[in-house]
*Asks:* 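Before I ask anything, let me first share the structure, which is written out below as structure tokens.
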Amino acid sequence: MIQFLNLLFRNRLAGLGAGMLVLILLIALITPVLPLPDPNITATADRFMSPFSEGHLLGTDHLGRDLLSRLLSGTRLSLAVGVAAALIATVIGSSIGIVAGFLGGRTDNIIMRLVDMLMAFPYILLALAIVAALGPGLNNALIAVAAVNVPFFARNIRGVTVGLANKEFVDAARLNGMSNGQIIFSEILPNVLPVIVIAMSTTIGWMILETAGLSFLGLGSQPPQADLGSMLGEARAALITFPHTSVVPGIMIFLIVMSINLLGDGVRDAIDPRLKSGALSRPLPATIVERKEVPPTPDKDLLSLQELRTEFHVGERVYKAVGGVSLKVNKGECLGIIGESGSGKSVTALSVMGLVASPPGKIVGGTVSFQGKDLVGASYNELRSLRGDRVAYIFQDPLSTLHPLYTVGDQLIEAMQAHRSVPQKDAQARAVELLEAVRIPNAAQRVKNYPHEMSGGMRQRVSIAMALANEPDVIIADEPTTALDVTVQAQILSLLNDLRRERDLAIVFITHDFGVVAQLCDRVAVMYAGQIVEEGPTAAILDDPQHPYTKRLMACVPELGGGKRELHAIAGLPPAVDQLPQGCAFAARCEFAQEVCRQGGIMLEPKGERAVRCLFPVNADQIEVTL
Ligand code: ADP
Ligand code: MG
């Protein structure tokens, strides 16, 4: 709740709307105890007194009634009727929508056709017809306004409910033996509630206007009772001669509706969970760069990161997700990045092409040089021309990276045409070739498939084909096999390996699995809490891990045919990257940690081909002793 309010008031306009609305509500609440004249007492001698007259702060109307008093009691009435109409419409409309959407089939059909019949009439005409049938009066106006708004809620909420009714969690609730009523209340309602609140907060102002409209026409509140609409209606005759009689209720209507709408918009934004973490802002197309130190000069490797530092600034907190990472990869080479979940692998990979969501992400130091050019300072257009063209990505979950409504062929073609104009025919032929290249059988037929028509392994092959579409120099694969089962994983790995040899690709392969690294990578970098703790040729590291973390990480991996062996989980958790400890980040979980480990920062010490960030590296024979 506190978080919701914080988020709501970060939006200044919503704050303004809320403030104004609270003020109006307060005034409306205390109106009966204010020392005001009776709003309905006429005094023909005092007709049309102008504002600021003695005893009548806002003047009087055509019957000499005090305008301030009428305005406040009118506001009370209009608010009460508008809010009541909104509540009634919301409750009835949403219930109809939920029942229709949830039950589906014939019930849905009949209910929705009835709703459609109501919707077929123009809005105001329908309201007028209802009041005409029931007779004028405020209660009937309320019923009319509520009735014409019911279809709006019913349609909206039904649409959302239909989408939810077939979700797995509803099936799970059914398997649990819950009744329809229980499912509606415990599974469906919490999910549609935000939509209901949003629909209501954005229409309540409109309903107040409609009630005022009916009163204006003389169909709502009856004289002498004042509401804002009837005040306007009565003042109409004197609009030119005594404008203040219409301006006063007019301004009040304007203020009420505006403040409700501003607040409603704010509520809609704040309630959307997707906007919560992003602090109500859309990420920029390229990560913000704020380098304080002078960046090291880029070098000639195909892709090299030097002292790259990426942080997330969320409120007061600074998450140092990547804290000075240096890596490089050349043609035909495969570099593995391995580490526990949360160690900063994905953020490192996304930083390369400026894809870290910003805000809150920022690159605060280091360089990413691609063919000798620094990409960290590069313009969005430069980055865009490289993304997917020279440097391509493969992500973990192909179902969420492929567009569900286009065939895989169209998506492959789009990937090509984003970078160069390829005639449609050639592009189609090339799409088939690409699918063949990733060993999809019957590729000519398969290009016409939608993503949901393929299995997980097939889809991941399509993602790889997309990454290959523009013959990139580097492919960055972020846990591409984690969502797949082992046999498919093995196929995908050997496919990537073949492609690397055929096309001289450089691959940066991110994983948390040493088995995968062993199969594919020439070199491997072990990450922990945003830093590389050990790096070197894969074989050397696998034979002789020197950082205690690497060693423990390897001890977690079961070995086929390796005989019985106890698997050692690493006790404790990695430190949160917004409060990293002073010295070695692993010290708290390390069995060899000494006092010095917890003091200053520890350097990544190069030793020939390898490098390790540890004051007391483990040596090979110690492994037998300690495990
Ligand atoms: P992984 O190694 O599992 O790929 P990530 O690179 O995704 O880890 O995340 C590294 C760290 O960055 C995590 O500890 C996480 O707390 C932090 N992080 C990632 N995205 C955000 C964000 N939007 N806001 C704050 N912190 C983030
Ligand atoms: Mg990740």
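Atoms within a ligand are numbered from 1 in the order they appear, just like the ligands themselves.
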*Asks:* So which atom in Leu468 and which in Ile475 form the shortest heavy-atom distance, rounded to 0.1 Å?
*Replies:* CD2-CD1, 3.8 Å
*Asks:* May I ask you to decide whether Arg384 forms a salt bridge with Asp389, counting only side-chain N to carboxylate O separations under 4.0 Å?
*Replies:* no
*Asks:* So, Ser346 and the Mg ion (ligand 2): N/O/S under 2.8 Å, yes or no?
*Replies:*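 Checking Ser346: at least one N, O or S atom is under 2.8 Å.
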*Asks:* Hey, is Ser343 one of the residues with a heavy atom under 4.0 angstrom from ligand 1?
*Replies:* yes
*Asks:* Should Val314 be counted as touching ligand 1, given the test is an N or O pair under 3.5 Å?
*Replies:*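 Between Val314 and ligand 1 (N or O atoms, distance only) the closest approach is not under 3.5 Å.
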*Asks:* Are any of the N or O atoms of Thr348 closer than 3.5 Å to those of ligand 1?
*Replies:* no
*Asks:* Ser341 heavy atoms, cut-off 4.0 Å: which ligand 1 atoms fall inside?
*Replies:*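 It comes down to these atoms of ligand 1: 3 (O).
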*Asks:* State, yes or no, whether a side-chain contact exists between Tyr549 and Glu534 at a heavy-atom distance under 4.5 Å.
*Replies:* no
*Asks:* Is the shortest N/O to N/O distance between Phe312 and ligand 1 below 3.5 Å?
*Replies:*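 Phe312 vs ligand 1: no N/O contact under 3.5 Å.
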*Asks:* Closest approach of Arg387 and His419, non-hydrogen atoms and distance?
*Replies:*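 Minimum heavy-atom contact is O-NE2, 2.7 Å.
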*Asks:* When you measure from atom 14 (O) of ligand 1 to every protein heavy atom, which one gives the shortest distance, and what is it?
*Replies:*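 The answer is Gly342 O, 3.2 Å.
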*Asks:* If every non-hydrogen atom of Met466 is compared with every non-hydrogen atom of Gln411, which pair is closest and at what distance?
*Replies:*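 For Met466 and Gln411, the tightest heavy-atom pair comes out as CE-O, 3.8 Å.
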*Asks:* Set out, in order, the CA-CA distance, both residues' side-chain angles and the distance that settles ring-ring contact (aromatic ring centres under 6.0 Å, His included) for Tyr528 and Phe586, then state yes or no.
*Replies:* CA-CA 8 Å; Tyr528 187 76; Phe586 187 61; 5.2 Å; yes
*Asks:* With Met458 as reference, evaluate Val488, Ile440, Leu435, Asn449 under the side-chain contact (heavy atoms from CB on, under 4.5 Å) test and give the passing residue.
*Replies:* Ile440
*Asks:* Can you say whether the rings of Tyr393 and Phe395 are parallel (under 30°), tilted (30 to 60°) or perpendicular (over 60°)?
*Replies:*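 Ring orientation of Tyr393 relative to Phe395: parallel.
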*Asks:* May I ask you to check whether Val347 has an N/O atom sitting below 3.5 Å from an N/O atom of ligand 1?
*Replies:*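 Such a contact does occur with ligand 1.
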*Asks:* Should Ser346 be counted as touching ligand 1, given the test is an N or O pair under 3.5 Å?
*Replies:*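 Indeed, backbone or side chain, Ser346 has an N or O that close.
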*Asks:* Below 3.5 angstrom, do we get any N/O pair linking Glu479 and ligand 1?
*Replies:*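 So ligand 1 has no N or O lying under 3.5 Å from an N or O of Glu479.
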*Asks:* Enumerate the atoms of ligand 1 whose separation from the nearest heavy atom of Ala321 is less than 4.0 angstrom.
*Replies:*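 Here the atoms of ligand 1 in question are 11 (C), 12 (O).
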*Asks:* Tell me: protein heavy atom nearest atom 15 (C) of ligand 1, and distance?
*Replies:*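 It is Val577 CG2, 4.6 Å.
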